Asker: 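Below: one structure in structure tokens.
Quick caveat, the model's predicted, so the values are computed rather than measured. Convention: sequence-line order gives letters A, B, ...; per-chain numbering from 1.
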Number of protein chains: 2
Amino acid sequence: MSALGAYQQTEAMKAAIELEVFTAIAEGNTTAATIAKRCAAAGRGVRMLCDFLTIHGFLIKEGTHYALAADSALFLSKLSPAYIGDATEFLLAPRLREGNARLAEAVRRGGTALGEGTLEPENPDWVKFAHGMMPLMRMPAEIMAGELRGGGEALKVLDIAAGHGIFGIAVAKHSSAAHIYAADWRNVLEVATQNAHAAGIADRYHLLPGSAFEVDFGGGYDLALVTNFLHHFDAPTCTTFMRKVHAALKPGGRAAIVEFVPNADRVSPPSAAAFSLTMLASTPSGDAYTFAELESISQDAGFAKVEFAAPEIGMDRLVIAYR
Amino acid sequence: MSALGAYQQTEAMKAAIELEVFTAIAEGNTTAATIAKRCAAAGRGVRMLCDFLTIHGFLIKEGTHYALAADSALFLSKLSPAYIGDATEFLLAPRLREGNARLAEAVRRGGTALGEGTLEPENPDWVKFAHGMMPLMRMPAEIMAGELRGGGEALKVLDIAAGHGIFGIAVAKHSSAAHIYAADWRNVLEVATQNAHAAGIADRYHLLPGSAFEVDFGGGYDLALVTNFLHHFDAPTCTTFMRKVHAALKPGGRAAIVEFVPNADRVSPPSAAAFSLTMLASTPSGDAYTFAELESISQDAGFAKVEFAAPEIGMDRLVIAYR
């Protein structure tokens with residue numbers, strides 16, 4: 001019963017973020033009446049929503065007063081620099097919801113019920129991704145950049161499906177001589193460009209707009225970042241793509257593959273393994289690949305050695321393939 | 001993040017029930033390929049869905065073989081007499097989903113964004129309720145009927161918003177002289193009538209079709225069942241309605257109110273308290289009422305004494321009001 005009704009948690013969180021309930025409480029409004037006034041809502045509606053959020057651990061209720069749980073204060077209040085509420089624009093984008101709503105059809109077909117799903121050219125949902133997911137990715141990007149810096153300095157860096165650009169920007173901040181070449185759809189690269197300016201590395205930031213399968217990457221790269229990209233495609237397509245990455249690297253160059261990597265059992269760890277269903281719902285033939293599969297894809301593409309790096313990159317892992 | 005993505009659990013369960021994945025496994029199909037063949041689906045899609053169901057505890061995976069967790073075998077396989085999969089037709093009815101999807105609007109208004117919501121006359125979703133929820137209600141109805149029988153035999157019984165009719169039918173099975181008068185929309189009473197026939201009590205089963213607020217109940221009842229009804233309305237409407245129930249009872253007669261009853265804190269127990277949000281999403285002014293509120297409603301309607309009966313009636317509780 002709780003799994004069947006789980007969607008109400010999604011709707012409640014979405015409504016609370018949209019109405020700025022968490023921010024209202026952080027500002028000092030602690031009763032249903034005062035929160036309602038701040039959020040331009042009905043006291044009765046706020047009381048029912050806040051009770052639900054309390055039941056699920058996002059708020060704490062004492063008498064008729066609500067307070068933020070620690071995680072809510074950190075991530076869901078706009079007063080917090082770690083606010084991640086904008087991630088809902090991507091995570092709950094209508095097209096992604098629709099793909100999941102048509103899951104039985106996707107299971108029958110073995111791929112999304114939405115045609116090309118999220119892979120359509122210039123799909124505006126990737127702009128939402130770039131905007132909304134950036135706050136969630138700062139720390140993972142920093143961990144990845146530190147780990148890669150430990151393996152040697154990279155001066156020419158290709159950032160594939162750059163999105164918000166935060167992974168490439170983190171590498172540029174670790175190496176003051178590094179130049180980043182960011183590949184993504186033109187509309188998405190506008191966000192990455194803004195972030196490169198904000199990070200003070202715009203003079204070392206170069207754009208490669210278009211489909212990553214079609215654009216000319218050029219060559220001579222020390223490092224290629226392939227972050228949260230391969231899971232959108234089937235394994236043969238990944239191999240073809242990694243061959244193109246291999247060709248763009250210098251001898252001795254590295255491809256850094258950042259991915260949800262389930263264990264060989266495909267049911268652990270939970271968040272990485274569960275991501276496979278999102279790919280079923282939203283792409284024609286994507287999947288969450290195990291390390292053995294990523295190793296095989298990379299070796300088939302010509303890479304000499306493939307390593308599973310130790311640190312967790314948020315919910316992702318880092319796989320390094322050496323040319 | 002898991003709360004935001006919780007809707008995928010709903011979609012996965014809905015898809016698995018629709019595709020009969022649990023039944024397929026109960027029939028002895030244990031690999032993605034054989035389950036897929038039985039369910040007319042793609043092996044790849046079944047594998048991704050079954051892995052997700054494993055992560056959430058509904059299946060057990062060993063190597064490439066899937067088995068049913070105990071609860072799944074009991075409640076989600078059509079081979080089980082306790083199968084409850086049809087409950088999804090009501091619990092995930094599109095209109096209820098839409099009310100929840102428009103939750104921010106409901107919080108702003110203090111009531112459903114869907115006009116009359118689930119309260120429209122002859123709403124076909126109540127036929128889905130009557131069909132789908134019956135298997136879940138047999139045991140609670142039996143517990144309620146046993147508890148009420150302990151307080152004395154009832155010969156003339158009013159069953160308000162009878163739905164599947166199971167509560168009234170359980171009372172009739174406990175007292176071979178009892179006659180049941182079932183009130184509900186005409187389309188819903190067709191389901192209750194079928195169930196009364198199946199239970200062998202059709203000769204003691206009488207119909208009162210129409211709005212419970214408008215239909216003439218008659219009088220002289222020993223017992224009135226008010227099961228999962230009051231939560232759809234605001235407290236003044238409940239009081240007005242209970243006055244009508246009071247008038248239909250004999251002196252000394254009882255009203256048995258079966259409801260989700262949250263504690264005074266309104267955030268426990270979790271399932272009863274969380275039900276309040278469903279009423280916000282789907283009704284203009286419904287709520288889950290505390291015992292103190294139900295007591296006050298009943299006393300304002302003229303009842304002399306109100307008791308909180310001990311047993312849990314499924315996720316509901318039983319409140320007995322005495323004329």
Side-chain angles (χ1 to χ4, degrees), chain A residues 1-16 18-19 21 39-49 51-52 54-56 58 61 87-88 91-92 97 100-101 103-104 106-111 262 265-268 270-271 273-274 276-281 285 287 315, chain B residues 1-15 18-19 21 39-49 51-52 54-56 58 61 87-88 91-92 97 100-101 103-104 106-111 136 262 265-268 270-271 273-274 276-281 285 287 315:
Chain A
M1 295 298 286
S2 70
L4 280 176
Y7 77 99
Q8 283 193 308
Q9 290 178 55
T10 302
E11 308 297 6
M13 288 295 281
K14 178 167 166 271
E18 181 182 333
L19 294 164
V21 167
C39 299
R44 172 188 141 78
V46 167
R47 185 260 294 168
M48 292 160 110
L49 176 61
D51 284 343
F52 188 90
T54 302
I55 293 164
H56 288 280
F58 295 98
K61 186 178 186 184
T88 57
L91 293 172
L92 301 178
R97 291 291 296 268
N100 279 284
L103 192 59
V107 175
R108 287 193 188 99
R109 292 173 179 227
D265 62 13
R266 291 193 181 281
V267 293
S268 66
S271 57
S276 176
L277 197 76
T278 297
M279 291 300 97
L280 176 65
S285 55
D287 204 348
M315 290 193 293
Chain B
M1 294 297 287
S2 70
L4 280 176
Y7 78 99
Q8 283 193 308
Q9 290 178 55
T10 302
E11 307 297 6
M13 289 295 281
K14 179 167 165 267
E18 180 182 334
L19 294 164
V21 166
C39 299
R44 172 187 142 78
V46 167
R47 184 260 293 167
M48 293 159 107
L49 177 61
D51 284 344
F52 188 89
T54 302
I55 292 164
H56 288 280
F58 295 99
K61 186 177 185 183
T88 57
L91 294 172
L92 302 178
R97 290 291 296 268
N100 280 283
L103 192 58
V107 175
R108 285 194 190 98
R109 290 173 180 229
L136 279 159
D265 63 13
R266 292 193 180 281
V267 293
S268 67
S271 58
S276 176
L277 197 76
T278 297
M279 291 301 96
L280 176 65
S285 55
D287 203 348
M315 291 192 294

Asker: Testing the basics here: between Ala104(A) and Ala15(B), what is the closest heavy-atom pair and its distance to 0.1 Å?
Answerer: N-CB, 3.6 Å
Asker: So which part of Ser2(B) gets closer than 4.5 Å to some heavy atom of chain A, the side chain, the backbone, both or neither?
Answerer: neither
Asker: Could you pull out the closest heavy-atom pair between Met13(B) and Ala3(A), with the gap in Å?
Answerer: CG-CB, 3.8 Å
Asker: Does any backbone or side-chain atom of Ser285(A) lie under 4.5 Å from a heavy atom of chain B? Answer side chain, backbone, both or neither.
Answerer: both
Asker: Below 4.5 Å from any heavy atom of chain A, which atoms of Leu19(B) appear? Answer side chain, backbone, both or neither.
Answerer: side chain
Asker: Heavy-atom distance under 4.5 Å between the side chains of Asp265(A) and Lys61(B), does that happen here?
Answerer: no
Asker: Does the pair Tyr7(A) and Leu92(B) meet the rule for a side chain to side chain contact (heavy atoms under 4.5 Å, CB included), with working shown?
Answerer: CA-CA 10 Å; Tyr7(A) 77 99; Leu92(B) 302 178; 3.8 Å; yes
Asker: Determine the option with the most heavy-atom pairs under 4.5 angstrom with chain A, choosing from Arg109(B), Gln9(B), Met279(B).
Answerer: Gln9(B)
Asker: Please look at Ala87(A) and chain B and tell me whether the side chain, the backbone, both or neither of the residue comes under 4.5 angstrom of a heavy atom of that chain.
Answerer: neither
Asker: Going by heavy atoms in the side chains, are Arg47(B) and Ser276(A) under 4.5 Å from each other?
Answerer: yes
Asker: What is the minimum heavy-atom distance between Ile55(B) and Ala274(A), and which atoms define it?
Answerer: CD1-N, 3.4 Å
Asker: I'd like to verify something: which residue of Asn100(A), Asp51(A), Leu4(A), Thr88(A) has the highest number of heavy-atom pairs under 4.5 Å with chain B?
Answerer: Asn100(A)
Asker: Could you look at Ala101(A) and say if it's the side chain, the backbone, both or neither that has a heavy atom under 4.5 Å from chain B?
Answerer: both
Asker: Evaluate the side chain to side chain contact (heavy atoms under 4.5 Å, CB included) criterion for residues Leu103(A) and Lys14(B): first the C-alpha distance (whole Å), next the side-chain angles of each, then the deciding distance (0.1 Å), finally the verdict.
Answerer: CA-CA 8 Å; Leu103(A) 192 59; Lys14(B) 179 167 165 267; over 6 Å; no
Asker: Out of Val46(A), Asp287(A), Val107(A), Leu91(A), return the one with the most heavy atom pairs under 4.5 angstrom to chain B.
Answerer: Val107(A)
Asker: Looking at Thr278(A), Leu280(A), Leu277(A), Val21(A), which has the largest count of heavy-atom pairs under 4.5 Å with chain B?
Answerer: Leu277(A)
Asker: For Ser268(B), which atoms come within 4.5 Å of any heavy atom of chain A: side chain, backbone, both, or neither?
Answerer: neither
Asker: Looking only at heavy atoms, what is the nearest atom pair of Arg44(A) and Gly110(B), with distance?
Answerer: NE-O, 2.6 Å
Asker: With a 4.5 angstrom heavy-atom cut-off, could you sort out which part of Arg266(A) is near chain B: side chain, backbone, both or neither?
Answerer: both
Asker: Please classify the contact between Ala281(B) and chain A as side chain, backbone, both or neither, with a heavy-atom cut-off of under 4.5 Å.
Answerer: neither
Asker: Between Ala6(B) and Thr10(A), what is the shortest heavy-atom contact and its length?
Answerer: N-OG1, 3.3 Å
Asker: Let's test your reading of the structure: which of Met315(A), His56(A), Met48(A) forms the most heavy-atom pairs below 4.5 Å with chain B?
Answerer: Met48(A)
Asker: Using non-hydrogen atoms only, which part of Arg97(B) is less than 4.5 Å away from chain A: side chain, backbone, both, or neither?
Answerer: both
Asker: For a quick test of reading the model, state the closest non-hydrogen atom pair linking Arg108(A) to Ala40(B) and the distance between them.
Answerer: CG-O, 3.8 Å
